[in-house]
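Along the sequence shown, residues are numbered consecutively beginning with 1. Nothing here was measured: the structure is a model prediction, and the numbers come from that model. Excluded from the calculations below are hydrogen atoms, water molecules and symmetry mates; all remaining heavy atoms, backbone and side chain alike, are included.
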Amino acid sequence: MNRPTLRVAVAALAIALTGFSAAAAAADPAPATSAAAKQNRLVFQVSDAEPAKWNLALNNAQNVQQDLGPGNVDIEIVVYGPGIGMLKMDSVAGNRIADAVASGVKVVACENTMRNQKLTRQDMLPAISYVPAGVVELMRKQQQGWAYLRP
């Protein structure tokens with residue numbers, strides 16, 4: 001991703017997170033100290049096998065946690081299609097993915113993709129989670145008000 005495109009994506013995320021937070025505060029009469037009022041939710045789509053895309057997604061997740069505080073944001077990375085290879089045991093991104101999971105980022109693999117590629121859970125990194133269909137997971141998260149990013 002070139003720098004102008006990255007700047008636009010970061011600006012859009014900032015606007016989306018600000019807008020979501022303001023809308024939630026206006027709609028929720030609960031005190032501002034409630035956990036729901038402080039919680040931000042962000043879902044990433046990773047469907048590319050390129051290590052650079054993976055590094056960007058992991059960097060973005062880490063930056064959001066640093067800016068908002070890990071306890072103030074739920075982050076999920078949904079992986080399907082060619083991106084599923086980065087969740088295999090021999091992944092070049094395996095250590096970074098393990099670090100992300102340890103910091104509270106949920107990384108989920110699409111079982112449809114795994115079935116199509118004849119992969120089992122034993123082929124995958126140990127710390128990840130699973131969903132039946134990655135695209136459906138993304139759709140549901142967006143319906144629940146999660147901010148969506150595709151690096």
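The number of heavy-atom neighbours closer than 6.0 Å to CG of Asn95, taken from other residues, nucleotides and ligands shown, is 12 or below.
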Met124/Met114 under side chain to side chain contact (heavy atoms under 4.5 Å, CB included): CA gap, chis, key distance, verdict: CA-CA 10 Å; Met124 311 306 278; Met114 289 174 60; 3.7 Å; yes
Run the numbers on Gln142 and Leu138 for side chain to side chain contact (heavy atoms under 4.5 Å, CB included), then give the verdict. CA-CA 6 Å; Gln142 289 179 75; Leu138 288 168; 4.3 Å; yes
Give the C-alpha distance, both sets of side-chain angles, the deciding distance and a yes or no for side chain to side chain contact (heavy atoms under 4.5 Å, CB included) between Ile77 and Val108. CA-CA 6 Å; Ile77 300 175; Val108 299; over 6 Å; no
Working note: Lys141 + Asp74, criterion side chain to side chain contact (heavy atoms under 4.5 Å, CB included); need CA distance, chi angles, decisive distance, verdict. CA-CA 11 Å; Lys141 292 294 184 189; Asp74 289 330; over 6 Å; no
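Partners of Asp67 by side-chain hydrogen bond (donor to acceptor under 3.5 Å, both in side chains), not counting sequence neighbours: none found.
Of the N and O atoms on the side chains of Glu137 and Tyr80, not one donor lies less than 3.5 Å from an acceptor on the other residue. Of the N and O atoms on the side chains of Thr113 and Asn116, not one donor lies less than 3.5 Å from an acceptor on the other residue. A donor and an acceptor atom, one from each side chain of Ser103 and Gln65, are located under 3.5 Å apart.
Residue Gln66 holds its CD atom at 5.0 Å from CD of Gln62, rounded to the nearest 0.5 Å. Rounded to the nearest 0.5 Å, atoms OG (Ser91) and CG (Leu125) are 5.5 Å apart. Residue Ile97 holds its CD1 atom at 7.5 Å from CE of Met86, rounded to the nearest 0.5 Å. Summarising the geometry, atom CG belonging to Asn59 is positioned 6.5 Å from atom CG belonging to Asn63; distances are rounded to the nearest 0.5 Å. Note that the CG atom of Asn40 and the CH2 atom of Trp146 stand 10.5 Å from one another [nearest 0.5 Å]. Note that the NZ atom of Lys118 and the CG atom of Asp123 stand 12.5 Å from one another [nearest 0.5 Å].
Taking each heavy atom of Met89 and Gln122 in turn, the nearest pair found is CG-O, 4.0 Å. In terms of heavy-atom proximity, Ile84 sits nearest to Cys110 at CD1-N, 3.8 Å. Nearest heavy-atom pair, Val101 versus Ala127, reported as atom, atom and distance to 0.1 Å: CG1-O, 3.6 Å. Shown here for Gln117 and Gly81, the closest heavy-atom pair between the two residues is NE2-O, 3.6 Å. Between Ile75 and Ala61, the closest heavy-atom pair is CD1-O, 3.5 Å.
Both Val46 and Tyr130 are members of a single hydrophobic cluster when ILVMFWY side chains are connected at heavy-atom separations under 4.5 Å.
When side chains are defined from C-beta on, Leu149 counts as touching Leu42, because their heavy atoms get closer than 4.5 Å.
Gln39 places a side-chain N or O within donor-acceptor distance of the main-chain N or O of Val73, the cut-off being under 3.5 Å.
Judged by a 6.0 Å distance limit and a 45° cone about the ring axis, Arg150 is not positioned over the six-membered ring of Phe44.
Residue Trp54 forms a side chain to side chain contact (heavy atoms under 4.5 Å, CB included) with just one option from Val92, Asp48, Val79, and that option is Val79.
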